[in-house]
Amino acid sequence: MTAEELLLLDIPGKCTELVRGRLVVSEPPGFVRGVVVVKIARLISEFADSRGAGIVAADTGYTLERNPDTVSAPDVSFVRRERVPSPLPRGYAEFAPDLAVEVLSPGNRPGEVLAKIGDWLKAGTRLVWIVDPIRRAARVYRADGTEAFTAIDDSLDGEDVLPGFSLPLSAIL
């Protein structure tokens with residue numbers, strides 16, 4: 001399947017992505033995950049908007065690879081102002097976001113999550129946050145291959161992707 005075919009696909013009540021040409025269908029996320037996603041998106045968006053730093057999107061597809069196509073939709077994503085195309089893409093963006101945020105659901109399998117992280121980083125995403133509401137913690141993955149653990153009493157940092165932004169985990173979990 002191609003990214004263009006995925007864009008036209010409609011499976012009511014399901015979430016879809018494309019991994020190397022294969023359709024991946026999943027159930028809609030649970031309530032807690034949805035609440036956490038909205039909090040993260042709101043806080044990043046307020047910060048980015050106040051500084052004209054870029055745009056924030058939720059559940060937005062990015063074409064990360066072609067032939068075969070991979071389309072991934074992070075729960076929250078941020079694209080720096082200088083990379084935002086004009087006009088905005090009507091379909092999937094043909095680039096990776098600068099920041100990808102995934103909020104885990106109980107059904108997420110570790111191998112699938114790690115594969116997504118690898119796809120984002122390989123495609124050019126500079127910073128990936130994996131937020132775990134159950135464990136009340138997060139992991140940070142960077143383009144340079146480093147990673148870090150963030151506990152509930154700590155904050156996620158926008159680093160050089162979103163300078164000056166700090167997100168206390170206690171504010172979202």
Side-chain angles (χ1 to χ4, degrees), residues 15 17 26 28-64 70-106 108 112-173:
C15 302
E17 291 184 312
S26 59
F31 192 81
V32 169
R33 183 182 158 279
V35 170
V36 173
V37 166
V38 168
K39 286 180 182 180
I40 294 169
R42 180 181 53 82
L43 293 168
I44 294 174
S45 188
E46 286 173 357
F47 181 88
D49 288 349
S50 72
R51 288 163 178 76
I55 59 171
V56 177
D59 291 323
T60 299
Y62 292 85
T63 303
L64 303 180
T70 294
V71 176
S72 188
D75 295 323
V76 179
S77 59
F78 170 76
V79 178
R80 291 176 298 133
R81 177 186 61 230
E82 60 269 17
R83 294 188 60 236
V84 175
S86 181
L88 293 176
R90 290 201 166 279
Y92 302 123
E94 292 286 332
F95 56 86
D98 293 296
L99 168 66
V101 182
E102 187 77 18
V103 179
L104 297 179
S105 295
N108 285 128
E112 290 172 350
V113 174
L114 288 172
K116 271 189 180 186
I117 294 165
D119 287 343
W120 287 324
L121 294 174
K122 180 181 171 190
T125 298
R126 295 170 46 202
L127 191 60
V128 178
W129 295 344
I130 304 297
V131 179
D132 188 339
I134 293 172
R135 291 185 178 83
R136 298 176 49 84
R139 282 212 169 271
V140 176
Y141 298 85
R142 299 177 188 91
D144 66 6
T146 61
E147 63 181 81
F149 176 80
T150 305
I152 188 66
D153 296 329
D154 296 326
S155 296
L156 291 165
D157 189 290
E159 302 184 13
D160 65 341
V161 171
L162 199 52
F165 181 73
S166 181
L167 177 61
L169 281 187
S170 61
I172 58 167
L173 299 176

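All of these numbers come straight from a predicted model, not from anything done at the bench.
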Anything under 3.5 Å between a donor and an acceptor, one on a side chain of residues 44-54, the other on a protein residue two or more places apart or in another chain? List them.
from : atom 1 : to  : atom 2 : distance (Å)
S45  : OG     : D49 : OD2    : 3.4
S50  : OG     : E46 : O      : 3.4
S50  : OG     : F47 : O      : 2.8

Would you list the atom pairs, donor with acceptor, under 3.5 Å between side chains in residues 145-154 and any protein atom, with sequence neighbours excluded?
from : atom 1 : to   : atom 2 : distance (Å)
T146 : OG1    : R142 : NH1    : 3.2
T146 : OG1    : D144 : OD1    : 2.6
D154 : OD2    : A151 : N      : 3.4

Distance-only donor-acceptor hits, side chain of residues 160-173, under 3.5 Å, sequence neighbours excluded:
from : atom 1 : to   : atom 2 : distance (Å)
D160 : OD1    : R126 : NH2    : 3.3
D160 : OD2    : R126 : NH2    : 2.9

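Of all non-hydrogen atoms in C15 and P28, the two that sit nearest each other are SG-CA, 3.9 Å. Considering every non-hydrogen atom in both P74 and S77, the closest pair reads CG-CB, 3.9 Å. G158 approaches L127 most closely through the heavy-atom pair O-CD2, 3.8 Å. Across V131 and A138, no two heavy atoms sit closer than the pair CA-CB, 4.1 Å.
Distance check: E17 CD to D119 CG gives 9.5 Å after rounding to the nearest 0.5 Å. Separating the CZ atom in R139 from the CG atom in L104 is a distance of 11.0 Å, to the nearest 0.5 Å. Distance check: K116 NZ to T70 OG1 gives 11.5 Å after rounding to the nearest 0.5 Å.
Using a 4.5 Å cut-off on side-chain heavy atoms (C-beta onward), P97 and T125 make contact. Taking 4.5 Å as the limit, every side-chain heavy atom of L156 sits out of range of all side-chain heavy atoms of I40. You'll find the side chain of R80 reaches within 4.5 Å of the side chain of F78, heavy atoms only.
Each of V32, V37, V35 was compared with P133 under the side-chain contact (heavy atoms from CB on, under 4.5 Å) criterion, and only V32 meets it.
Judged as a side chain to side chain donor-acceptor pair (under 3.5 Å), and not counting sequence neighbours, the contacts of E94 are R66. K39 meets the salt bridge (Lys or Arg N to Asp or Glu O under 4.0 Å) test with no other residue; sequence neighbours excluded.
Panel note: side chain D75, backbone V103; a donor-acceptor pair is recorded below 3.5 Å.
When the shell of 6.0 Å around CZ of R136 is examined, it contains 12 or fewer heavy atoms from other residues, nucleotides or ligands.
The ring pair (Phe, Tyr, Trp, His ring centres under 6.0 Å) contacts involving residues 125-145 comprise nothing, where partners must be two or more places apart or lie in separate chains.
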